Novice: 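Sharing a structure below in structure tokens format, with a few things to ask.
Throughout, a chain's letter reflects where its sequence line sits, starting with A, and its residues are numbered from 1. Note that the structure is a prediction, hence the values are computed from the model and not measured.
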Amino acid sequence: MDSKIAAARCHEIQLTIRDKEVPRFEGIPEIGMAVQLALHIRGLPLLDYEKVKLVASTMLGIPRLSVDRIVHLLAEIDFVQINQTGSRITSILPVIPYFEDLYAGIGEYAKTEAKFDEFEQLTLQIVDSLANSPHNADALANTMGATGSERKAFDSSIEIGEKASFLVSRRARSKTILLNPTYFSENADVFADHVANRGAKSVARTLELVKAAQGWPLSLIISTGEIGGKKIAPDEIVLLQRLAEDGIVKPPTVVTSHAGENQFIFTPTPKSMNISPLRRDLYEKALAIVSSVRQGQLLPNKFKIRSPGAVLYKLKTELQLKPTSDYSEQYQNLVHMRIARLAVLANGYRQLQIIDTPENREALNIAYDIVKGASDVAQVDNEAITAMTGTQEYIESIVSSKQLRERSTVKLADEQKFEIEQLILEGF
Amino acid sequence: MLKDRAQKASALRLAVRKRWLPQMEVDVEPSQRIDRTKYLLTDIDVLAIASSPMGPHSKFVFDCKSGARESAIGRAFWLHGVMARSRSSRGFVILSDRVAISRDHRISASDLGVTLLRESEMEPFAVGLDSSIAPIDSCAANLEAWEEFLEIKGKYPGFTDYLDFSRSTYWMTKSSGEQCRKLVGKLRRIRAEIDPGKREHLAVFGDALCLFLHAVSELAVDLFLLLLRPASREEYSDALLAILYGGYDNLEAAQKIRRIALGAEEEEPVSIFPDMQRFEHLIREVLQAPLQALPAALMARELAFRNLTGAPETLTSREIASEYSYVSKFVVLAASYLVKALRLPPEFAEIYGSQVTAIQTAKLGSTSIPSQG
């Protein structure tokens, strides 16, 4: 496996296990934490180490005792410079590289230092295979050569994965299907059923096509058998239809008088967008923006949008579009979601004007990334970054509110929810 | 291998010809469980459900004994107890021709609601009911299909809980609302195991569809008598939920548990039945022709066993389709409700839906006026 990808997978695993102790892991959490800390201190000035420690342990899921070890690791690959008095670190200066170089640097270190034992390598391979599509557990074990005595290690890796919640297993059509919740947390049932019925490749291919043309209208995919100019097989269209019909999370819909009701298809919401209700909300806003622009591009009324990227760029930078007599219906959802208003001008034309709030600007950025096909880069907790550079009081207020929030949101696990529903159906 | 086969086969044929819904080998459960382990009381050879012009369906039980040493009146006394437990209105004891039955015994049995018959008396008895026990092209009346269905439990242990319920608890349950709700719960429990690619699993879905239509047929009649003309959607919806949960108190308790589990506010509406909107629509459609839902259940049984055995389309299924015009609609709606609400693989609804539509469409074609030229 590419060392960059291995580092990214460690980070995904670390995000789900956070400060839970997984006895058989050492390299994975270490590398995962290194990526997590590096992402959050990238681009920051000289940092008071005490604050870094506090934020790392309360907000980034890095146990306080491990922070020193992670910082030394980053120093070893020249990602931070350490200032210390005696053996005590007083401050650190982040010099973290941008873009993929961050993962490449940490990944390379893990590789040369042989950080992963055999069991961890197997786990990373499993998690990586599941990033593109859920798999039938038996089929995956066979393709990875985990047969006979090797199967035992495979099964215990799955068991740990489930307990630490970086893997989910579901039963569908009498088969056990494994899912990576980072990519397939929503509509897991539909994906599991499709894999049980038509295999993992079908899901992987479909999502690859959707990823290259996010927000394509379902009706157009069905009528042309294409998505973004590429052929899509009938089996794969079935998956998209089921996601739209049976999925718990429905695709955004735009209703216009000239083209009726249309659903716009996206890849599943990345887990980083599901971390908090606020981020989820931002992501939903971004999807609504992309859907409206795709409507103008692919199912226009009179005037067609030629370049959705250019329209989004204009919205991002100028916060408004040229007034026309044409587009008010397609942007109606943005008005409902308080992203924009449709101002009526003296000549009767309407102009789309973004309501200027930090959330709406962020939603536009995400929308632009989605259309440009950028992979999910926003795995960063902006609050943590602000906290590290803020005053001591500010950190303390954030930390205490964070703890309060964590305590107040007790959610039922899917399994418990299912059992309660069964109790209500069968128990009376 | 089932015992007393010839008699059971004739009871089955009579039931299907009369469009009663037959159920073979029903285990009779105790009225209440006090022991930790379940001790079954006895079993019913054939249970048949007949629709009544008004109110709940009628249940008939058939007891088949081919031995020469049976005591006819002894069986009648026993069957009387079984009838009480299963709330059946009439019982039939079918005995070998070698057993002598005195007239005094016949009249005493009749006083208990039991008819004593010898094997050779079955045909004249059926003719008297405007029917027959002659061989019939039907999967639901096919003893081998029933045997194959009953063997599924041994083959697929994952379905044990569901199959025990469908063969026993379901038929002992008092109200149609409870039958419907529990059936939906039991099917939901096996949703991850059931695979439309396997013929036995297709039959298990067909069995659930048959029972669901049976429960819905009674529930619709209950609702029809309760609300002749619902004033508003809320009134209709509330009454339906109350019937499903056995009264308003239970309904409120269920809603309370759900709210606590979800962390919802006191007045916040919560859903306590899967896809209630679709269910309401189904029941509303059944109310258009409440007496045709039971034949739809029989059709579902025909299709379930056809899918199990790989048999071709039967004459009986075509007859049911031509006698009852709503049958295909009810089967299609009920199958799609179960699939959508319980998130089962969509092929179940597609397969049953297309089979029943094909049968009824062919009937439509044959009854239309031939074109000229």
Novice: If you count heavy-atom pairs within less than 4.5 Å of chain A, which of B/K182, B/E193, B/Q255 leads?
Specialist: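 Ranked by heavy-atom pairs under 4.5 Å with chain A, first place is B/E193.
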Novice: Is it true that atom CZ of B/R199 has more than 12 heavy atoms of other residues, nucleotides or ligands lying nearer than 6.0 Å?
Specialist: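 Correct, the count exceeds 12.
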Novice: Shorter than 4.5 Å, heavy atoms on both sides: which option in A/E419, A/H194, A/R170 has the most such pairs with chain B?
Specialist: A/E419
Novice: Between B/R188 and chain A, with a heavy-atom cut-off of 4.5 Å, which part of the residue counts as in contact: side chain, backbone, both or neither?
Specialist: both
Novice: I'd like to know if A/K250 and A/E245 make a salt bridge, using a cut-off of under 4.0 Å between side-chain N and carboxylate O.
Specialist: no
Novice: If we define contacts as heavy-atom pairs under 4.5 Å, which of B/P274, B/G158, B/A254 has the most with chain A?
Specialist: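 Between B/P274, B/G158, B/A254, the count favours B/A254.
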Novice: Can you tell me which portion of B/K186 sits under 4.5 Å from chain A's heavy atoms? Options are side chain, backbone, both or neither.
Specialist: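 When you check distances to chain A, atoms from both the backbone and side chain of B/K186 fall under 4.5 Å.
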Novice: Classify the ring geometry between B/F212 and B/Y337 as parallel (under 30°), tilted (30 to 60°) or perpendicular (over 60°).
Specialist: parallel
Novice: Under 6.0 Å between ring centres, would you say that holds for B/Y245 and B/F273?
Specialist: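 Between B/Y245 and B/F273, the centre distance exceeds or equals 6.0 Å.
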Novice: Look at the aromatic rings of A/F184 and A/F191 and report parallel, tilted or perpendicular, splitting at 30° and 60°.
Specialist: perpendicular
Novice: Using the benzene-type ring in the case of Trp, are the ring centres of B/H201 and B/F159 under 6.0 Å apart?
Specialist: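 Aromatic pair counts; centres sit under 6.0 Å.
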Novice: Using heavy-atom distances under 4.5 Å, tell me whether B/I194 contacts chain A through its side chain, its backbone, both, or neither.
Specialist: backbone
Novice: Tell me, side chain or backbone of B/L344 under 4.5 Å from chain A's heavy atoms, or both, or neither?
Specialist: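 Contact with chain A involves the backbone of B/L344 alone.
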Novice: If I measure from the heavy atoms of chain A, does B/E347 come under 4.5 Å with its side chain, its backbone, both, or neither?
Specialist: side chain
